[in-house]
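See below for the structure under consideration.
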Protein chains: 2
Amino acid sequence: MRVEQRAVDPRTPGTATRGETVPTVPPAESAADAVDVTALLERGRTLATPVLKAAVDRLASPMDTVAAYHFGWIDAAGNPADGDGGKAVRPALAVLSAQAAGAAPEVGVPGAVAVELVHNFSLLHDDLMDGDEQRRHRDTVWKVHGPAQAILVGDALFALANEILLELGTAEAGRATRRLTTATRALIDGQAQDISYEHRDRVSVEECLEMEGNKTGALLACACSIGAVLGGADDRTADTLERYGYHLGLAFQAVDDLLGIWGDPEATGKQTWSDLRQRKKSLPVVAALAAGGPASERLGRLLAEDAKASDFENFSEQEFAARAALIEEAGGREWTAQEARRQHAVAIEALNAVEMSDQVRAQLVALADFVVVRKR
Amino acid sequence: MRVEQRAVDPRTPGTATRGETVPTVPPAESAADAVDVTALLERGRTLATPVLKAAVDRLASPMDTVAAYHFGWIDAAGNPADGDGGKAVRPALAVLSAQAAGAAPEVGVPGAVAVELVHNFSLLHDDLMDGDEQRRHRDTVWKVHGPAQAILVGDALFALANEILLELGTAEAGRATRRLTTATRALIDGQAQDISYEHRDRVSVEECLEMEGNKTGALLACACSIGAVLGGADDRTADTLERYGYHLGLAFQAVDDLLGIWGDPEATGKQTWSDLRQRKKSLPVVAALAAGGPASERLGRLLAEDAKASDFENFSEQEFAARAALIEEAGGREWTAQEARRQHAVAIEALNAVEMSDQVRAQLVALADFVVVRKR
């Protein structure tokens, strides 16, 4: 019941401030607390990055350069850069997943690289479709290299992901590619839903959760099973690890949705009130709209007016802050924080159905904890 | 030596008129002449289309509708349409390729569908990247449904191609997916080269052939081997069938390049002088520029001026006709027609290295003949 204890939030809704995501009380002592999450993330990055770089090097010019820019390895002028390649949660999970099946961490590396390639294929295309100009504190690929390169290099990374796995030539690699393909299809479904929701006045909480499950849950699920599949795990074990990953993905996305409104721009690399500026129907918004009551109704009227406002792009900090306050007052912030904890608990619970070493289990729990308390 | 006889062109360069692609003399009698190519194409279409439609039906809304529009099954308003889904050369080849390995034609169907999905993924993305507004006499997807849907549905078709193969769950399917992935990577490389060549003054004939081998040869090669791979063929057989398909693809593309300048708009569904309007550095152009001599040099100066012309889009029919005449005078048209025949001969020659029934061999030869004499 460790997780339940961690999940208790002693504060009332509305008292949290910017930069705090899912507040926790000091947790009960557990094996997960002894895990060095930073070292775990670093190990995943250290194992996966050289293989990822070698894969990207296979691309024909200028796609190799464009991809290297996207990953933060070079700047827009082509000079070496020590870019922020993201948190690297997925590679760490893929490597751990091999160990969950009793294989060496290295066995999970092609899976880690394939998942990273698919994740970045989707970032390249989504940034273009959504018109996002910034990612990880830098101009997005379509801004720097043009839309055609964003499409093309995205396609190339997707193809490369399959290539990396299939060239292993094993039955396990075939099964891993099939799971990755299923996850990619879900990812694309999720983006299609995300786009269609932007044109709608109302999106239900269920629709939002389904979209987030597709857009974030499915690939994280794959990251959590792909190493195990490559390590020879049976379908039941892989399915169970996917269940852990899927709910971890939903927890991850709920935290992302909180950060998208109340995150510290210094940490997230996004603008203040980022998701509100983009009129995103993220979890805090849809939960607040679904809650009912005076604040919920005022928010509904305000967002309906915003949808028609011609000067929306020039709204002041105060105007966005007022909307964020209404979302919080209607309970959208607290509901989303609770949802993150709920999904976190379901993820951890799923792990009980898989036999694995205590050490690996503690590491998977620690990574889940990290996802829910992260600030970026 | 049947092919050589077919390939003789008794006319001198410059006498062919619009609508004629690669002129042939009446061929010597051969088994291929007895083949009903129309029936062969129709069989491929009849076998593949229901499976293709069922695959597209798996896509989430509105991607299923957008894809159905792209394939010509519905019109822009969503009403059923009896669209022109293209010549269906690839499905016919994939089905025949299964038979070349001694398997039933049906064994090649998932391969035929996967290749069609990848081909159409590339059309959706290329049309957007190239800004092409028309395909098969209809507005392209990005024109009708917007750029985001063109990107998204392209991605979905690519993922679906892998799904269709991998869900077979066999070792053969894994090998087939690997070959399809290799072909897709080449396809993307070819599009990258095509885009980069547009920004260059000069492209060599070799560079053009390499680009066309990637963009057209690789996927046609895969179409010609994928059925055989699914039917259990060994790597040597598959490689040889790929060699046939690769050179057939180059012949196909050479004919396409001729049609892109001198094709009959009624048949091709494109504008007159289509490739010239798009400043494409296609084979006739690069061959004419490489030929030397007065016409070649005049063409070079003219195209260099065109590259800077601000009113290029308003050029008259006569101005494009003058450029086409110069390309022909410099020998670019005749060189390309010869190249089509040369690649056709290499393709047929490759078939000699594979054991197969006389009937299947005659059908593969007949399809190769069709590709070189087609008018659209």
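Convention: sequence-line order gives letters A, B, ...; per-chain numbering from 1.
- Neither the backbone nor the side chain of B/A171 has a heavy atom closer than 4.5 Å to any heavy atom of chain A.
- Shown here for A/A148 and B/M129, the closest heavy-atom pair between the two residues is O-SD, 3.6 Å.
- For chain A, the nearby parts of B/R58 are the backbone and the side chain; heavy atoms of each come within less than 4.5 Å.
- The aromatic rings of B/F158 and A/F158 are tilted relative to each other, their planes meeting at an angle between 30° and 60°.
- The OG1 atom of A/T177 lies 10.5 Å from the CZ atom of B/R178; values are rounded to the nearest 0.5 Å.
- Residues satisfying the salt bridge (charged side-chain N to carboxylate O under 4.0 Å, His left out) criterion with A/E210, sequence neighbours excluded, are absent altogether.
- Taking every heavy atom of both residues into account, B/L166 and A/T181 meet most closely at CD1-OG1, 3.8 Å.
- Comparing B/T182, B/D189, B/D155 by how many heavy-atom pairs each has under 4.5 Å with chain A, the most go to B/D155.
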Handout entry: Stepwise side chain to side chain contact (heavy atoms under 4.5 Å, CB included) check, A/R185 with B/L59
Key = CA-CA 9 Å; A/R185 287 255 289 115; B/L59 298 179; 3.5 Å; yes
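- Here CD1 of A/I188 is found 9.0 Å from CG of B/L157. Values are rounded to the nearest 0.5 Å.
- The choice from B/A192, B/G146, B/P147, B/S122 that makes the most heavy-atom pairs within less than 4.5 Å of chain A is B/A192.
- Neither the backbone nor the side chain of B/Q193 comes within contact range of chain A, judged by heavy atoms closer than 4.5 Å.
- Put simply, of B/L180, B/L160, B/L187, the one with the most heavy-atom pairs under 4.5 Å next to chain A is B/L160.
- Under the side-chain hydrogen bond (donor to acceptor under 3.5 Å, both in side chains) criterion, the residue pairs touching residues 61-78 of chain B are B/H70-B/N120, with sequence neighbours excluded.
- Summarising the local packing, CG of B/D201 is surrounded by 12 or fewer heavy atoms from other residues, nucleotides or ligands at distances under 6.0 Å.
- If you take NE2 on B/H125 and CG on A/L152, they are separated by 10.0 Å, rounding to the nearest 0.5 Å.
- Between B/L165 atom CG and A/N162 atom CG the span is 10.5 Å, to the nearest 0.5 Å.
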